[in-house]
A.B. asks: 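Got a structure here, written out as structure tokens. Questions coming.
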Amino acid sequence: MKIVIVGGVTGGMSAATRLRRQMEDTEIIVFDKGPYVSFANCGLPFHVSGEIEKRSSLLVQTPERLKARFELDVRPETEVLAIDPDLKEVTVRTKCETYTESYDKLILSPGAKPFVPPMEGLNEATNVFTLRNIPDLDKIMAQLKHTTSGQATVIGAGFIGLEMAESLAKKGINVTLIEKAPHVLPPLDEEMAAFIEAELVQNGIKVITGQSAQVFKDNGKILVMEDGSELESDLTILSVGVQPENNLAKDAGVELGLRGGILVDENYQTNLADIYAVGDAIVVEN
Ligand SMILES: Cc1cc2nc3c(=O)[nH]c(=O)nc-3n(C[C@H](O)[C@H](O)[C@H](O)COP(=O)(O)OP(=O)(O)OC[C@H]3O[C@@H](n4cnc5c(N)ncnc54)[C@H](O)[C@@H]3O)c2cc1C
């Protein structure tokens, strides 16, 4: 049996290690297009604040250690470009070559990418970042070196936006949090969100709700709000939601569901034989 997994972080690596514990003789190959696998995504904001002091603490595993401990064949910086469900093979690309790899079972765990709205001036902005992985974190940390006494803006008051606002405030930076919905953490009831907003304000964060940021000016240094007012920002975090990484699945003929998530049944199987999916990219009955 040969199992190929797309995505080597939360869902992909959990599947790989669990499968190894259940099937000692199976060949398991894990591809990830990024340079790091099995890193601590949930810890990323806490390195910004300094609560997780060392960047290396975020790197939970390496391909070498995963090979030694679980006999996993982990291939970072290798993007899966296409799936051929009839031939049961994937086409992958590294920096040096493109090749195919066959599978008996394929597990997709490509995750979700930050949603980036088409905002005027965003392409020219040099200080606007999203946060999903270690390379994103590295860019934010580099920008922070120029921001220590300055002004940061977080656009979007969902979970990641709130964590980033808190982390930046803990570093002593003036933070403005902008949320288009009438209150922070939009999925919560207004009465509940009021407590969170009060806590944010008490910790020195300026909260603007019911209004969106519309335009970036001066390479991102100025943000123009819906009402025409302007904000200065040395560092802006864009955290306005995520969308499933569904292109690979879609191109292969995998059925998608709500908001483009990969549709799976109660066994996490897609509509295509021997192709399963887990994690942020899927839609599952709940
Ligand atoms: C800053 C931050 C904080 C978070 N905090 C929390 C928290 O506190 N609690 C919580 O429950 N959740 C939290 N989450 C969410 C949690 O990280 C995700 O739910 C989880 O990582 C989803 O796992 P996944 O395997 O679906 O995707 P990911 O962990 O994102 O892994 C997907 C991987 O697939 C790779 N990939 C995609 N397409 C391809 C391809 N074609 N070829 C090769 N590789 C590919 C990507 O490079 C990526 O590394 C946080 C997320 C972030 C970004």
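Quick note: numbers below take in every heavy atom, side chains included, and nothing from hydrogens, waters or symmetry partners. Position 1 is the first residue of the sequence, and the numbers go up from there. Note that this is a predicted model, so its numbers are computed, not measured. Order of appearance sets the numbers: ligands from 1, and atoms from 1 within every ligand.
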A.B. asks: Would you mind checking which non-hydrogen protein atom is closest to atom 35 (C) of ligand 1, with the distance to 0.1 Å?
C.D. replies: Asp32 OD2, 3.4 Å

A.B. asks: For Asp280, counting its heavy atoms only, list the atoms of ligand 1 lying under 4.0 Å from any of them.
C.D. replies: 18 (C), 19 (O), 20 (C), 22 (C), 26 (O)

A.B. asks: Would you say Val80 has any N or O atom under 3.5 Å from an N or O of ligand 1, going by distance alone?
C.D. replies: yes

A.B. asks: Which residue from Gly7, Ala112, Ala82, Cys42 reaches closest to atom 50 (C) of ligand 1 through any of its heavy atoms?
C.D. replies: Cys42

A.B. asks: Scan the protein's non-hydrogen atoms and note whether one is under 4.0 Å from atom 21 (O) of ligand 1.
C.D. replies: yes

A.B. asks: Against Glu77, only a single residue in Arg93, Lys95, Lys33 fulfils salt bridge (Lys or Arg N to Asp or Glu O under 4.0 Å); can you say which?
C.D. replies: Lys95

A.B. asks: So which heavy atom on Gly12 is nearest to which on Ser109, and how close?
C.D. replies: N-OG, 3.1 Å

A.B. asks: For atom 30 (O) of ligand 1, grab the closest protein heavy atom and report residue, atom and distance to one decimal in Å.
C.D. replies: Arg132 NH2, 3.1 Å

A.B. asks: Is Arg132 salt-bridged to Glu245, cutoff N-O under 4.0 Å?
C.D. replies: yes

A.B. asks: Nearest to atom 29 (O) of ligand 1, what protein heavy atom do you find, and at what distance?
C.D. replies: Thr10 OG1, 3.1 Å

A.B. asks: Can you list the atoms of ligand 1 that are under 4.0 Å from a heavy atom of Thr78?
C.D. replies: 43 (C)

A.B. asks: Closest approach of Asp234 and Gly150, non-hydrogen atoms and distance?
C.D. replies: OD2-CA, 3.0 Å

A.B. asks: Just one of Thr130, Leu238, Leu131 clears the side-chain contact (heavy atoms from CB on, under 4.5 Å) bar with Pro114, so which one?
C.D. replies: Thr130

A.B. asks: Identify, by atom number and element, the atoms of ligand 1 in contact range of Gly279, meaning under 4.0 Å from any of its heavy atoms.
C.D. replies: 26 (O)

A.B. asks: Please identify which of these residues, Ile160, Ile134, Ile52, meets the side-chain contact (heavy atoms from CB on, under 4.5 Å) condition with Leu44.
C.D. replies: Ile134

A.B. asks: For the 3.5 Å polar cut-off, considering only N or O atoms, please tell me whether Gly11 and ligand 1 meet it.
C.D. replies: yes

A.B. asks: What is the nearest protein non-hydrogen atom to atom 28 (P) of ligand 1, stated with its residue, atom name and distance?
C.D. replies: Val9 CB, 4.0 Å

A.B. asks: Looking at CG of Asn219 and CG of Asn127, how far apart are the two atoms once the value is rounded to the nearest 0.5 Å?
C.D. replies: 8.0 Å

A.B. asks: Polar contacts were defined as any N/O atom of the residue lying under 3.5 Å from an N/O atom of the ligand; does this apply to Glu245 and ligand 1?
C.D. replies: no

A.B. asks: Charged N to carboxylate O below 4.0 Å: is that the case for Glu226 and Lys180?
C.D. replies: no

